[in-house]
Amino acid sequence: MKTRKNFLDWAIAQDHILENEIDQAKFYSIHEQNYMYGVLAKIIEGGSGVKVFVEDFKSLENQRYRIMNERTIKEIYAVSQVGIAIDFCAQSDAQKREGSFLVNPDLTNYLVQSAFLWNDIENENPKTIDTYYVIIPTFIDVAPKEICLTQLNALLLDIKDYRQVFTYAELLELVAGAMDYEEKELDQQLLDFVTAQVLYYRTLLPVT
């Protein structure tokens, strides 16, 4: 969970909490919910000007647990989708370019909004920018996958309501036009993006 690691790194770097006060393994564990919230409360108590950041991050975590609790994935369905994803990724690039896709219909249910960019903290504080994350639950007892919808990943926001089947060629034309790129310049990067979304995140579903 990159956002959780980034948050803790930020809190320690800004002296909002001391590193030796944290059991990092427990803080990162999805099963130690009470411990994680206790750390957040301690950070708020320890300093001024930090509450707005901690409360924002806490709301992100609240949504993570809500999605985990409410969006149970059926194992049979998930295994079937994994099989389809593996078959797709085993194809040649040329075959992938002939593929058709559908946006995962559950994607809008997995969206979480934050007022700060916790995925990439370069400055003293996280950037103040409306950011969306996708928190994707699994059918096994592990932390859900998460994606920060910035840069090319932001494409998922643009097509999340696209309920029709679309081809790779149509997607390439759409993205190249929106980004003012030649299709050949964007092609390989977009193909790698689509492959990752199919295999690792299940945000795009191959249509067989």
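Values below: every heavy atom of this structure, side chains too, minus hydrogens, waters and symmetry copies.
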Could I get the full list of salt bridge (charged side-chain N to carboxylate O under 4.0 Å, His left out) partners for E21, not counting sequence neighbours?
K42
For E182, does its backbone N or O pair with a side-chain atom of E185 as donor and acceptor, under 3.5 Å?
yes
Among residues at least two apart in sequence or on other chains, which ones pass side-chain hydrogen bond (donor to acceptor under 3.5 Å, both in side chains) with N6?
none
What distance separates Y200 OH from T195 OG1, expressed to the nearest 0.5 Å?
9.5 Å
Residue pairs meeting ring pair (Phe, Tyr, Trp, His ring centres under 6.0 Å), one or both in residues 34-54, sequence neighbours left out, come to W10-F53, F53-F116
According to side-chain hydrogen bond (donor to acceptor under 3.5 Å, both in side chains), who are the partners of D23, at least two apart in sequence or on a separate chain?
none
Tell me every residue that passes salt bridge (charged side-chain N to carboxylate O under 4.0 Å, His left out) with D187, counting only those two or more places apart in sequence or in another chain.
R97
Y168: ring-ring contact (aromatic ring centres under 6.0 Å, His included) partners, not counting sequence neighbours
none
Take atom OH of Y28 as the centre, draw a 6.0 Å sphere, and report whether it contains more than 12 heavy atoms from other residues, nucleotides or ligands.
yes
Please determine if R64 and E61 form a salt bridge, counting it only when a charged side-chain N lies under 4.0 Å from a carboxylate O.
yes
Salt bridge (Lys or Arg N to Asp or Glu O under 4.0 Å): pairs with one or both residues in residues 24-37, sequence neighbours excluded:
none
Sequence neighbours left out, what passes salt bridge (charged side-chain N to carboxylate O under 4.0 Å, His left out) with D9? Give chain and number order.
K5
Would one find more than 12 heavy atoms of other residues, nucleotides or ligands at under 6.0 Å from atom CG of L18?
yes
Hey, is CD on E173 packed in by over 12 heavy atoms from elsewhere, all under 6.0 Å?
no
Not counting sequence neighbours, which residues clear side-chain hydrogen bond (donor to acceptor under 3.5 Å, both in side chains) with Q63? List them please.
R66
Take atom OH of Y65 as the centre, draw a 6.0 Å sphere, and report whether it contains more than 12 heavy atoms from other residues, nucleotides or ligands.
yes
Working for side chain to side chain contact (heavy atoms under 4.5 Å, CB included), residues N119 and T131:
CA-CA 9 Å; N119 193 63; T131 307; over 6 Å; no
What distance do Q189 atom CD and Y181 atom OH have between them, rounded to the nearest 0.5 Å?
7.0 Å
Using the salt bridge (charged side-chain N to carboxylate O under 4.0 Å, His left out) criterion, which residues pair with K2? Sequence neighbours excluded.
none
From N69 atom CG to I67 atom CD1, the distance as rounded to the nearest 0.5 Å
10.5 Å
Do L204 and N104 make a side-chain contact, defined as non-hydrogen atoms from C-beta onward lying under 4.5 Å apart?
no
With sequence neighbours left out, the residues meeting side-chain hydrogen bond (donor to acceptor under 3.5 Å, both in side chains) with T203 are Q197
Counting only N and O atoms by type, is there a donor-acceptor contact under 3.5 Å from the side chain of E146 to the main-chain atoms of T3?
yes
Pair up each side-chain donor or acceptor in residues 78-93 with any protein partner under 3.5 Å, not counting sequence neighbours, and list the distances.
residue: S92; atom: OG; partner: Q95; partner atom: N; Å: 3.2
residue: S92; atom: OG; partner: Q95; partner atom: OE1; Å: 3.3

